[in-house]
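Let me begin by presenting the structure, written as structure tokens, before commenting on it.
Not measured: the values here are computed from a predicted model. To find a chain, count down the sequence lines: A is the first, B the second, and so on, and within it residues start at 1. Atoms considered below: every heavy atom in the structure, side chains included; atoms not considered: hydrogens, waters and symmetry mates.
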There are 2 protein chains.
Amino acid sequence: MGKVPKISEAVVRRLPIYLRYLTNLQELQVKTVSSQQMGKTMDINPAQIRKDLSAFGDFGKKGIGYDVDYLIEKIRHILKLDQVIHVALVGAGNLGQAISNYNVYLKDNMKIVSIFDADPQKIGKDLGGLVIEPIDKMEDIIKEKQIRMAIITTPSSAAQEVANKLIEAGIEAILNFAPTTIRTEKEVKIDHNDLTSSLQSLAYYLN
Amino acid sequence: MGKVPKISEAVVRRLPIYLRYLTNLQELQVKTVSSQQMGKTMDINPAQIRKDLSAFGDFGKKGIGYDVDYLIEKIRHILKLDQVIHVALVGAGNLGQAISNYNVYLKDNMKIVSIFDADPQKIGKDLGGLVIEPIDKMEDIIKEKQIRMAIITTPSSAAQEVANKLIEAGIEAILNFAPTTIRTEKEVKIDHNDLTSSLQSLAYYLN
DNA sequence: TAGATTGTTAATCGATTAACAATC
DNA sequence: TAGATTGTTAATCGATTAACAATC
């Protein structure tokens, strides 16, 4: 059914995994794949894959499986990767510098188009082909370049204020690497990705 | 009850968030905190916080709340952060270099003690005070330095093989940044942290 | 056709939240 | 004591999985 019911975050987190795997298959000239095969490689229950996908439409063929090219196209559309998405990077420290190099991997029309930092020493310097801009100019540049997503790699102390400014400027989604919880009243999606927390959680499983 | 029932991953992911917040309070000389206050700052339901903590023991005082110092000590113990944990970093590319600088933040006795790379050009070079070692020496060094956790920042193509070697050498938990699913038959905890997937998931929430 | 595989329902499993007795 | 807050039970909500009719 072409209906779109409420989609859980868990489903949305799996879609990029499916997409990546399907793209691998595409490169190998594979034309068709079953949920069984997909599940085996990705370590995901085949029933779950079918259920996830069926929430967006009837993409498969009974007795056959899924057409790789077609499914890629559909998932890309669902994830809005069939449109150009401009991304801002805030914080040109070690992690920010590393991430600025990810532009190469962010095909799919997603692209870091601006980098901001508060440090006067860094402003004006080049990073991955982009000039580091001051935070003051953030709002103007975001509007001018129609930037819709942002990655925060500032220190914790600056993260909330930077987020406030980003949201004020109209940013719709934020990926936060600073080890602090960012809150907002607005309808903005915020994803926290904190290395220290990840490592600490992992430590629980030692022994 | 001092009993430890089965703990879900969701709980384990929240513990470092609690720990970080409590450490902030400690620095502010705050002695006591209620689940209500905690929940407000961290955007987590107070009942959930109480339930999470009560799975490990009776840490609070009715009518009072939680003693900050005591709760920090308890959570650190639960997460095994009260013991020294040696970490290996595999892949000295952009991301690996950025992460090697995180040693500063990884107080709590967690420490990157070795860095490995396959590129002969990089081997022998210094990174954050550590000499980059060849993958060949990985197994020996892991055993020698009693390394128990690893961070993979290699290209996707190398990730599974690196993981196999790490597991072979006795690594107990892996944080994988390579954009590929790592699988194993062994009892090893693997956490996937893929920037591209995170950004793609976020794109779903645009508009 | 016979075999394979989807889409979907129903069952199960697990996680979150509300509510409140216990008690500091 | 009166007010506050925990620990925990029960209710709710949501996500995963098994099973199978439909059908390619």
Side-chain angles (χ1 to χ4, degrees), chain A residues 1-18 21-22 25 30-72 74-75 78 181 201 204, chain B residues 1-18 21-22 25 30-72 74-75 78 181 201 204:
Chain A
M1 310 263 65
K3 283 276 306 300
V4 179
K6 65 214 160 325
I7 304 299
S8 76
E9 291 199 14
V11 175
V12 176
R13 269 196 306 275
R14 282 189 293 268
L15 292 177
I17 312 296
Y18 301 163
Y21 171 64
L22 291 163
L25 289 185
V30 177
K31 294 302 174 200
T32 289
V33 67
S34 68
S35 58
Q36 183 107 183
Q37 292 170 271
M38 291 181 69
K40 206 178 166 195
T41 318
M42 298 184 291
D43 244 350
I44 297 178
N45 184 301
Q48 178 150 84
I49 296 172
R50 294 199 299 278
K51 190 156 217 291
D52 285 357
L53 295 175
S54 73
F56 300 99
D58 289 0
F59 301 147
K61 281 197 177 53
K62 293 187 173 69
I64 308 290
Y66 298 90
D67 181 279
V68 173
D69 291 352
Y70 181 70
L71 191 51
I72 286 176
K74 286 299 180 183
I75 295 179
I78 294 164
T181 304
S201 293
Y204 175 82
Chain B
M1 310 261 63
K3 284 277 304 306
V4 178
K6 64 215 160 325
I7 304 298
S8 76
E9 290 199 13
V11 175
V12 177
R13 268 196 307 274
R14 282 190 292 268
L15 292 178
I17 312 295
Y18 301 164
Y21 171 66
L22 291 163
L25 289 185
V30 176
K31 293 302 175 199
T32 289
V33 67
S34 68
S35 58
Q36 182 107 183
Q37 294 169 269
M38 291 180 70
K40 206 178 165 194
T41 317
M42 297 184 292
D43 244 352
I44 297 177
N45 184 301
Q48 179 151 83
I49 296 172
R50 294 199 300 278
K51 190 155 216 294
D52 285 356
L53 295 175
S54 74
F56 300 100
D58 289 0
F59 300 147
K61 280 196 178 54
K62 291 186 173 69
I64 308 289
Y66 298 90
D67 182 279
V68 173
D69 291 353
Y70 181 70
L71 190 51
I72 286 176
K74 286 299 180 183
I75 295 179
I78 294 163
T181 304
S201 293
Y204 175 82

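Taking atom CD on B:Q48 and atom C1' on D:dG7, their separation rounds to 15 Å, with Å as the unit. Taking atom CZ of residue A:F59 and atom P of nucleotide C:dT8, one finds them 11 Å apart after rounding to whole Å. One atom, CD1 of A:I44, and another, P of D:dT16, lie 10 Å apart when rounded to the nearest Å. C:dG14 atom C1' lies 12 Å from atom CZ of B:R14, rounded to whole Å. Residue B:F56 contributes atom CZ, which lies 17 Å from atom P of D:dT6 at whole-angstrom precision. For the pair A:D67 CG and C:dT6 P, the computed distance is 13 Å after rounding to whole Å. Look at CE on A:M38: it is 14 Å from P on C:dT5, rounded to the nearest Å. As a whole-Å value, the separation of B:I49 CD1 from D:dT6 P is 9 Å.
Put simply, NZ on B:K40 and CG on B:N45 are 14.5 Å apart, with the number rounded to the nearest 0.5 Å. Rounding to the nearest 0.5 angstrom, the gap separating the OH atom in A:Y21 from the OG1 atom in A:T41 is 3.5 Å. Note that CD of B:Q36 and CD1 of B:I49 are 9.5 Å apart. Values are rounded to the nearest 0.5 Å. For the atom pair A:I64 CD1 and A:S34 OG, the distance stands at 11.0 Å (nearest 0.5 Å).
At the phosphate of D:dT5, neither OP1 nor OP2 sits under 4.0 Å from any side-chain N or O atom of B:S35. In this structure, B:S8 reaches the C:dA15 phosphate: one of its side-chain N or O atoms is under 4.0 Å from OP1 or OP2. A close approach under 4.0 Å does not occur between any side-chain nitrogen or oxygen of A:R13 and OP1 or OP2 of D:dA15.
Between the side chain of A:S201 and the backbone N or O of B:V12 there is at least one donor-acceptor pair closer than 3.5 Å.
At least one side-chain heavy atom of B:L22 sits less than 4.5 Å from a side-chain heavy atom of B:M38.
Residues forming a side-chain contact (heavy atoms from CB on, under 4.5 Å) with B:F59 (at least two apart in sequence, or on another chain): B:L53, B:F56, B:Y66, B:Y70, B:L71, B:K74, B:I78.
What you find for A:I44 and A:R14 is that their closest heavy atoms are CD1-CD, 4.0 Å. Closest heavy-atom contact between A:M42 and B:T181: O-CG2, 3.9 Å.
Helical stems in DNA chain D, defined as runs of 3 or more consecutive Watson-Crick or G-U wobble pairs with both donor-acceptor distances under 3.5 Å, are listed by first residue as C:3-24 with D:3-24.
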Annotated protein contacts, base or backbone, on nucleotides 18-24 of chain C with a non-hydrogen cut-off under 4.0 Å, one of B, S, - each: BB--BBB
